[in-house]
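Residue indices begin at 1 and follow the sequence shown.
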Amino acid sequence: MLAAIGAVSLKRWYHGPEFFWRAGKALRQAKGDPLCLHAEVFSHEGAYFSLSVWHDVEAMLTFAQSNPHRGVMQAAPRLTNTYHFRHFACIAIPTRDQALTIWMNGSTAPE
């Protein structure tokens, strides 16, 4: 399995409706994908995080390159400050805390 976690913050408060509309469509897309084992969006310390777990790297890349996810990524530079994304192998779905630790520290595996 492959997990992905990343974060954004809005550049301006009025970008919220468009960003959340686009992100919501991508979240529904991920949750509807049979190769997506977990997908969620949550806030933490002023940023919005996405956490997803995929069957394999090919499944994640197929999702990332298709719409509506591609549309979110194309609009992100205009709407958000994008922070780094991390990808890591996992044998179980990580908790938010485990994924945040990896995101913050650059570790490659949950503790």
Does a side-chain heavy-atom distance below 4.5 Å link [X] with [Y]?
X	Y	answer
F42	S50	no
I5	F88	yes
L61	W54	no
L79	E18	yes
F49	V8	no

Worksheet, complete the sentence: Of all heavy-atom pairs linking A4 and H87, the shortest is CB-CD2, 3.5 Å

Practice prompt. Could you pull out the closest heavy-atom pair between A47 and A7, with the gap in Å?
Written response: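 Nearest heavy atoms, A47 then A7: CB-CB, 4.2 Å.
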
Practice prompt. For the pair F20 and Y48, name the ring-plane relationship: parallel under 30°, tilted 30 to 60°, perpendicular over 60°.
Written response: perpendicular

Fill in: Check: A64 main-chain N/O paired with H69 side-chain donor or acceptor under 3.5 Å
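Judged by distance alone, yes, a pair lies under 3.5 Å.
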
Worksheet entry | Flag for W103-T101: side-chain donor and acceptor within less than 3.5 Å | no

Discussion item. Taking CZ in R12 as the centre, count heavy atoms belonging to other residues, nucleotides or ligands within less than 6.0 Å. Is the count above 12?
Written reply: no

Discussion item. Please determine whether the number of non-hydrogen atoms from other residues, nucleotides or ligands lying under 6.0 Å from atom NE2 of H15 exceeds 12.
Written reply: yes

Worksheet item: S66 and Q29: side chain to side chain donor-acceptor pair (under 3.5 Å), yes or no, with the steps?
Response: CA-CA 10 Å; S66 65; Q29 174 194 10; 2.8 Å; yes

Worksheet item: Going by an N to O cut-off under 4.0 Å, is there a salt bridge joining E40 and R96?
Response: yes

